[in-house]
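This report refers to the structure that appears directly beneath it.
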Amino acid sequence: MITSWQDEMRHAITKAEALSEIISKEIPTNKYKIFIPASLMARILKEGVDSSLGKQFIPSENENLPEGLWDPIGDQICSPMSQLVHRYPSRALYLSTSVCPVSCRFCFRKNELESPMDLFKTNKDQVLNYVKDHPEIMEIIFSGGDPLSLSDEKLFNEGLSFLSVEHVQYLRFHTRMPIIIPQRIDQNFLMTFEKLTLEGSRWGKKIIFVIHTNHASEWDATVIEAVEKLKKLNVIILAQTVLLKEINDTVAGLKNLITLLDRLKIRSYYLHHPDRVRGGMHFYVDLEKGRRIYSQLRQELPGWMLPTYIIDIPEGKGKIPAFNAEDFSFSGTLVDHTGQKWKY
Ligand SMILES: *Cc1c(COP(=O)(O)O)cnc(C)c1O
Ligand code: SF4
């Protein structure tokens, strides 16, 4: 009997033979690990192994393709020390853990996570000192791995230690946990974050959750219930999505997801262009195709509902809007969603 989120983690499917038996299909060998919690597996079987839900987590032989980059967004380049990526002066990314509640086949950190290297070496005290020494840091972003793989006690202690730094105004948690193991949002978690938000609000500080979600079919009743609980906390809840080939690379699919998020009162924050990651190139979408989809979304959704379509460039210099001007000097024409050019 699986009764807690820790049990879900302990009893996840991790062996190719076991997975192969469950889905009655051969599992191609590749070097990336398999990790699928049982309750997620049940949802995948309901949707189908080749559905938008299934393809995100079932291994594929395409993961052996040699194309793509090991570190596609240049994390190493902007890392002053292990566990920290400091790319934008105002906010620093804290690699709190290398553990995830699932193994996403498209993951942009799949190579780094496969051989947890220096980037993930425990370094909490030095990170805290670095943050204290950099008054320009307004926000600490818990990333990983999935920060909600940490125990409640750790989340509280680490969260509070950052919140206690005077210039840190925001704590942000990027997570896929409410989607993958909704039981994670249990009574103890809610109490922990009630305490943490209370501590934060005494100093006028805010806590933000960014839920990673790629398709409407991820949102079954258990997920919605977990997120409803999260919403009762005094936190801001956002969502972000990666554009993925044959998973969500259609106007209808994205519109479906974004309007569902809106009904749940969750703002869709970023639509990420896929990274050119080694082992995940079969999910890659051409920039031209992405731009066509995004400009059509602008036709079909209210402007305030649209996420920002963004690219992380490989050189580690960070995010650039995927629909940006290609130079500061103006060419003299603008293009609409049909491709027609307009003089301006
Ligand atoms: C994406 C990212 C952030 C956060 O950027 P926002 O635009 O504030 O969401 C911060 N640091 C690093 C290293 C990142 O990759
Ligand atoms: S949860 Fe995020 S970090 Fe973990 S495998 Fe999935 S995409 Fe990668």
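Nothing here was measured: the structure is a model prediction, and the numbers come from that model. Whatever order the structure lists them in is the order used to number ligands and atoms, beginning at 1. Side chains included, hydrogens not; waters and symmetry mates left out as well; all remaining heavy atoms used.
Less than 4.0 angstrom separates some heavy atom of V102 from each of these atoms of ligand 2: 5 (S). Atoms of ligand 1 found under 4.0 Å from any heavy atom of R172 (numbered from 1 in listed order, with element): 4 (C), 6 (P), 8 (O), 9 (O). Ligand 1 places these atoms under 4.0 Å from at least one heavy atom of I141: 3 (C), 4 (C), 10 (C). Numbered from 1 in the order shown, with element, the atoms of ligand 1 that lie under 4.0 Å from a heavy atom of R87 read 12 (C), 13 (C), 14 (C), 15 (O). Near Y269, meaning under 4.0 Å from one of its heavy atoms, ligand 1 places the atoms 6 (P), 7 (O), 8 (O), 9 (O).
A tilted orientation is assigned to the rings of Y294 and F323, their planes being inclined by 30° to 60°.
Test R109, R172, H174 against S143 for side chain to side chain donor-acceptor pair (under 3.5 Å) and you get one pass: R109.
At a threshold of 4.0 Å, the pair D146-R176 does not count as salt-bridged, since none of the basic side-chain nitrogens sits closer than that to a carboxylate oxygen.
Nearest heavy atom pair, residue S98 against residue F120, reads CB-CD2, 3.7 Å.
Ring pair Y130/H86: centre-to-centre distance below 6.0 Å. In summary, the aromatic rings of F156 and F189 are positioned with their centroids too far apart to meet the 6.0 Å limit. Aromatic ring centroids of F142 and F162 lie under 6.0 Å apart.
The protein non-hydrogen atom at the shortest distance from atom 8 (O) of ligand 1 is R91 NE, 2.5 Å. Nearest to atom 5 (S) of ligand 2 among the protein's heavy atoms is C104 N, 3.5 Å. Protein heavy atom nearest atom 8 (Fe) of ligand 2, with residue, atom name and distance: C107 SG, 2.3 Å. Among protein heavy atoms, the minimum distance from atom 1 (C) of ligand 1 is reached at K319 NZ, 1.2 Å.
Not a single N/O/S atom of H212, whether from backbone or side chain, sits less than 2.8 Å from atom 6 (Fe) of ligand 2. Residue contact annotation: C100 places an N/O/S atom under 2.8 Å from atom 4 (Fe) of ligand 2.
Taking only non-hydrogen atoms, the option from Y270, F108, Y88 nearest to atom 7 (O) of ligand 1 is Y270. With atom 1 (S) of ligand 2 as the reference point, the heavy atom nearest to it among R105, R109, R176 is part of R176.
Contact between D146 and ligand 2 is absent, with no heavy atom of the residue lying under 4.0 Å from the ligand.
Both the sub-6.0 Å distance and the 45° axial angle are not jointly satisfied by R267 relative to the ring of Y269. Annotation: cation-pi pair K245/F283 absent, no NZ/CZ under 6.0 Å from the ring centroid and within 45° of its normal.
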